[in-house]
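To keep things clear, I will list the structure first and then write my remarks on it.
Both counts, for ligands and for their atoms, begin at 1 and track the order of listing. The model shown is predicted, which means the values in this text are computed figures rather than measured ones.
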Amino acid sequence: MQSETKQCQNCKQDFVIESEDFQFYEKMKVPAPTFCPECRLQRRLLWINFRTLYARPVEGKTLISMYAPEKDYNIVEDKKWWGDDYDLTSYGQDYDFSKPFFEQFNSLLKRVPLPHLQRGYATFENSDYCNAASYLKNCYLVFGADNSENVYYAAGVVKVKDSVDMTFADNSELCYENLMVNQCYRCLFCQDVENSNNLIMSQDCVGCNDCVGCFGLRNKKYHIFNQPYSKEEYQQKVKELNLSSFEGLEKLRETTKSLFLLQPHKFIHGRNNKDVSGDYLYNSKNIHHGFRIHHGENKGHNDYGSLLLVPIVNQRKKHDVINQCSH
Ligand SMILES: [Zn+2]
């Protein structure tokens with residue numbers, strides 16, 4: 001089948017269904033979509049709340065829950081939900097062909113017990129205000145996380161320790177206010193940094209140590225604003241930047257903002273890809289409009305494993321490979 005341009009029944013914008021997409025829908029025995037990719041994404045995201053928490057009465061206790069108190073679902077404590085007492089099939093109902101599907105599905109959804117949080121509760125220690133996570137210890141407001149300890153205000157973190165204000169970080173320690181970092185130690189205000197130590201307000205750096213306000217460096221040390229210094233000069237210059245003060249930090253932020261704009265930016269974050277579009281793609285092929293995907297390709301079976309951080313092999317192409325947790 002040829003590609004076709006259709007009008008989204010929701011936002012009325014045109015969108016294209018490629019010929020391979022038709023093949024996929026055929027294979028799955030589902031009709032071609034009538035909503036555009038963005039509207040489809042919005043509908044999928046409607047099902048997800050794991051970052052807003054509520055105090056909710058649950059069977060005589062007040063629990064921190066992902067369900068608002070006014071939502072009339074049958075919420076039970078997760079410890080109980082995961083126990084052996086529940087036979088969820090006992091909540092089953094016969095399907096009535098004379099009634100719409102979603103009406104019946106909604107009534108089933110409201111009757112079947114749901115756990116108050118989505119977490120590996122048995123692996124949680126002193127981390128009540130966290131969700132969509134497992135193996136957390138002493139964490140607070142941490143979401144979509146795994147194997148982390150002493151972390152506050154974070155999302156999408158795995159194996160992170162003693163860190164605050166982190167979004168999408170792996171294998172890192174003593175970090176503050178970072179976005180998209182991996183294997184970092186004592187990195188502050190950094191973005192897209194890998195395998196680096198003691199970096200401040202730097203971006204797109206790999207294998208670097210002791211750098212301030214740098215962009216796009218590989219295996220460098222003692223650099224400030226991408227200029228090399230001796231260790232002693234570096235230490236003196238950093239002292240002069242007065243980064244322990246708010247004024248010093250703000251000044252650095254302004255300087256890096258204009259400096260980074262002048263640097264060449266690679267068109268995509270990722271490597272070892274073939275025929276891909278999107279961002280943060282690694283070892284993938286034939287992925288379009290995909291985000292944060294490792295080892296993905298357009299064929300095979302769906303294997304989300306974790307919504308956040310494990311390899312994704314997605315059967316669907318074009319727009320449907322979206323990391324839903326980034327919202
Ligand atoms: Zn639309």
Side-chain angles (χ1 to χ4, degrees), residues 1-52 66-68 70-71 73 99-110 114 118 131-132 143-144 155-156 167-168 179-180 265 267-270 273-282 284-294 296-327:
M1 203 167 186
Q2 293 295 305
S3 67
E4 234 179 71
T5 300
K6 293 203 170 193
Q7 194 189 48
C8 172
Q9 65 158 297
N10 187 46
C11 71
K12 311 298 177 202
Q13 299 290 315
D14 284 349
F15 69 102
V16 177
I17 303 179
E18 302 288 355
S19 62
E20 310 93 278
D21 295 337
F22 281 116
Q23 285 165 19
F24 172 76
Y25 299 130
E26 176 68 32
K27 191 171 155 191
M28 297 301 290
K29 304 273 181 267
V30 292
T34 57
F35 276 42
C36 74
E38 285 70 27
C39 290
R40 300 206 296 269
L41 174 62
Q42 284 173 14
R43 293 214 292 193
R44 290 200 296 281
L45 294 175
L46 281 175
W47 279 89
I48 294 181
N49 162 44
F50 60 78
R51 291 171 62 154
T52 305
M66 58 194 279
Y67 299 98
E70 67 273 15
K71 299 290 177 209
Y73 295 114
K99 289 184 185 164
F101 169 82
F102 285 108
E103 193 181 285
Q104 297 176 73
F105 182 64
N106 199 33
S107 92
L108 179 70
L109 196 63
K110 290 190 171 175
L114 296 167
Q118 289 286 349
N131 195 26
F143 304 97
T167 304
F168 293 125
L179 173 64
M180 299 287 189
H265 287 58
F267 75 102
I268 193 171
H269 298 95
N273 297 312
K274 192 180 174 195
D275 188 20
V276 296
S277 67
D279 210 356
Y280 297 99
L281 302 172
Y282 303 86
S284 295
K285 68 175 180 186
N286 227 6
I287 296 284
H288 295 273
H289 204 78
F291 299 90
R292 275 186 67 78
I293 294 173
H294 294 249
E297 58 180 279
N298 73 326
K299 54 188 177 183
H301 59 281
N302 284 339
D303 180 12
Y304 285 96
S306 150
L307 274 172
L308 275 170
L309 297 159
V310 299
I312 294 172
V313 176
N314 198 307
Q315 209 164 19
R316 287 183 293 182
K317 195 174 172 253
K318 304 269 181 196
H319 306 293
D320 282 346
V321 187
I322 303 279
N323 183 342
Q324 303 184 352
C325 294
S326 59
H327 294 257

Partners passing ring pair (Phe, Tyr, Trp, His ring centres under 6.0 Å) against F101 (at least two apart in sequence or in another chain): F105
Set of side-chain hydrogen bond (donor to acceptor under 3.5 Å, both in side chains) partners for N10, sequence neighbours left out: none
Count, waters excluded, of protein N, O or S atoms under 2.8 Å from the Zn ion (ligand 1): 4
Donor-acceptor contact below 3.5 Å, side chain S284 vs main chain G296: yes
Main-chain N/O of H289 paired to S277 side chain as donor or acceptor, under 3.5 Å: yes
Nearest atoms (heavy-atom pairs only) where L281 meets R292: CD2-N, 4.4 Å
Those residues that, when tested against K6, pass side-chain hydrogen bond (donor to acceptor under 3.5 Å, both in side chains) (two or more places apart): none
